[in-house]
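Numbered from 1 within each chain, the chains take letters A, B, ... in sequence-line order.
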Amino acid sequence: MELIDLSADVLIIGGGLAGTNAAMGAAEKGASVLVADKGNINRSGDIGGGVDHFLAFLNEGQEWDTQNAFLDYVEMIGRGTGHLSIIESVYCAELPDAIERMARIGNPLTQADGSFYRTQSMGQPGTYWINFNGKRLKPCLGKAVRKLGCTVLDKVMMVDLLTHQDAVVGGIGFHIRSGSFYILQTKATVIATGNTNRLYENPRINPFNTWLCPFDTGDGQIMALNAGAALTNMEYMRMTLLPKGFAAPGFNALVGMGGRFLNSLGEYYMEKHHPMGNRAPRYEVVYFTLEEIRKGHGPIYIDCRHLNENDLIHLETSLGYDKDTLPDYFEQRKEDLRTKPVEITVSEGMQAGPTEVTGSGIKIDKNSAATVPGLFACGDASDHNRCVHGAVTGGYKAGKSAATYAKGLTHGDGAPKSIIREEIDRFMKPLHRPSGYPYRQIEDAIRKIMAEHVGPMRTEGSLKCGLEKLQRIESYLDEMKATNFHELMRAHETRSILSVGKVMATTALFRTESRNKPYHHRLDFPDTDNTNWCGLVVFRKDGDRLSCSFEPTT
Amino acid sequence: MPPTFYMKKCTGCGLCDSICPADAIYMKEFEDTSVPYLKYPDECWHCGSCRQDCPEGAIEIQFPPDMLCI
């Protein structure tokens, strides 16, 4: 096995939307940068194939279009799930630069005439979504990162962080084709690995048919946890609504243009259940949709037949921006937005932020720093500033902060080589076993346990049962067999998925109330208790000891 | 199982193999030339990156029966 030693000021783990912006932020501050990604940063991550939405206030004159009004909106839909001060000092402060940067790299958020095309949904007081053509956004970001001189390690999976004297000093990983092992010694490290998918049983059969990127498997959160970093908001099981057989995003576009949720009785149920109707917050739409299905009012549809010609033309033109292949899917399934409602369903569950504007993952501060020196986080892997707008702004902020931290160190002490060698052998074990279980067999069991015991209807009993079963399946992790480096990658992803599942069940057990139902719905504590639970559940690992604590939001 | 490769157009440049985020597309030798194939069809996310970036327009997307029928 080839060993490759590299060093730099800053290591970025994950080169998706957040990671590429972090690389730009660090490099433009003068730091030397390494970027490692399981894929190719030109097309990796949630928006690899494209994206069509970016959430922003633009100060264009309306009273809802200001920073203060935006923060009121965050408080309204995400009360108790995020610190406004962190959103203010990261997302709000970085927003003007972020909009300018997208234009500078060649994928502006504007239309051809220079205007913003804005739509409203998900509980917003005004048109906070900028609808744009982001099909070339990742190739543009990849090019910008390489042009800045960053060293890009495509197809390299990072498996652990290096620590020395309680600080993070880089990471180790392997090339998923050649098996070359990388030892990356850096002064600062940014985690930008997205949320956790393939965690719950998938209603569309194939566990890779997910809403968010199925190759985002919580690796960064677990590496950070093992290095001593705190996680928050891990109890929330995010879900959305999707076309029945294809987990393609598109909900924002359809609802933003005026799509209406319809049950099989012909009722527009959201207009009956919620004062904001179809444009209610996402978790409310999912909650009432689950209720409709339980009442026997399914199947559920989204109806766009009433839209005017201009809106339909815009929708048909832009539907493939968020998911390139969605127009093909509609055509092959013989769906037609103009003539009939499209059947939709509730997605698989995932570990991700409880709202578009509050996150779940590595606990960060106003500088996007984690709770361990030398470690920073951004995008869907961090507990603030997620989604597209959060990844672009928070990524850049994390990169800048990491560069500043690295420059402030007089010298960086690396981890001792002897320890690293032992670690490498440990991570290669699935390749050397004469026999064992394929990763998929273990992972399918995890998804089943999560769906049945840690799902949208939780109780103390179900969560304890789920934890016990997850611990039982954990004993088989050391019996996984990989026949090549691709399978070795998947086996390590399975480990991360199981660890995230355990954290989710443990934190869900700790929070004895319900919040943002159905994302955290305790049937034994069905009410939201703002007196005792308006804040974040903080999860830590200290050696073998796991702990939960509560941090009120301010 | 998308994507489908049209060998009459494909020049074997390997870009689809390089950018596939699933690590699902690999190249193999066939009649003295290099051609792409879908090694892990179940892991395709249908993101369409390969089709968008193929310089020859040699890739089409065909959804499998389970996705079209359920």
As a test of understanding, state which of A:Asn40, A:Asp154, A:Asn42 forms a side-chain contact (heavy atoms from CB on, under 4.5 Å) with B:Ser18. A:Asn40

How close do [X] and [Y] get, heavy atom to heavy atom, and via which atoms?
X	Y	result
A:Arg43	B:Ile19	CB-O, 3.8 Å
B:Trp45	A:Leu212	CZ2-C, 3.5 Å
B:Lys39	A:Asn484	NZ-ND2, 4.0 Å
B:Asp42	A:Phe208	O-CB, 3.5 Å
B:Ser49	A:Gly49	OG-CA, 3.6 Å
B:Asp17	A:Lys155	O-NZ, 3.2 Å

Interchain contact, [X] with chain B, by part (heavy-atom threshold 4.5 Å):
X	result
A:Thr345	neither
A:Pro203	backbone
A:Asn206	side chain
A:Lys244	both

For atom [atom1] of [X], decide whether the heavy atoms of other residues, nucleotides or ligands shown that lie under 6.0 angstrom number more than 12.
X	atom1	answer
B:Tyr26	OH	yes
B:Phe30	CZ	no
A:Glu331	CD	no

Looking at A:Gly245, A:Gly50, A:Ala247, A:Gly320, which makes the most heavy-atom pairs under 4.5 Å with chain B? A:Gly245

Drop me the distance from B:Glu43's CD to A:Arg440's CZ, to the nearest 0.5 angstrom. 8.0 Å

In Å and rounded to the nearest 0.5 Å, what is the CD to NZ distance from B:Gln52 to A:Lys138? 12.5 Å

Does [X] reach the side chain of [Y], with side-chain heavy atoms less than 4.5 Å apart?
X	Y	value
B:Leu68	A:Tyr329	yes
A:Arg177	B:Asp23	yes
B:Phe63	A:Arg333	no
A:Gln332	B:Gln62	yes

Using non-hydrogen atoms only, which part of B:Asp66 is less than 4.5 Å away from chain A: side chain, backbone, both, or neither? side chain

Measure distances from B:Cys50 to the heavy atoms of chain A and classify the residue's part below 4.5 Å as side chain, backbone, both or neither. neither

For the pair B:His46 and A:Phe246, name the ring-plane relationship: parallel under 30°, tilted 30 to 60°, perpendicular over 60°. perpendicular

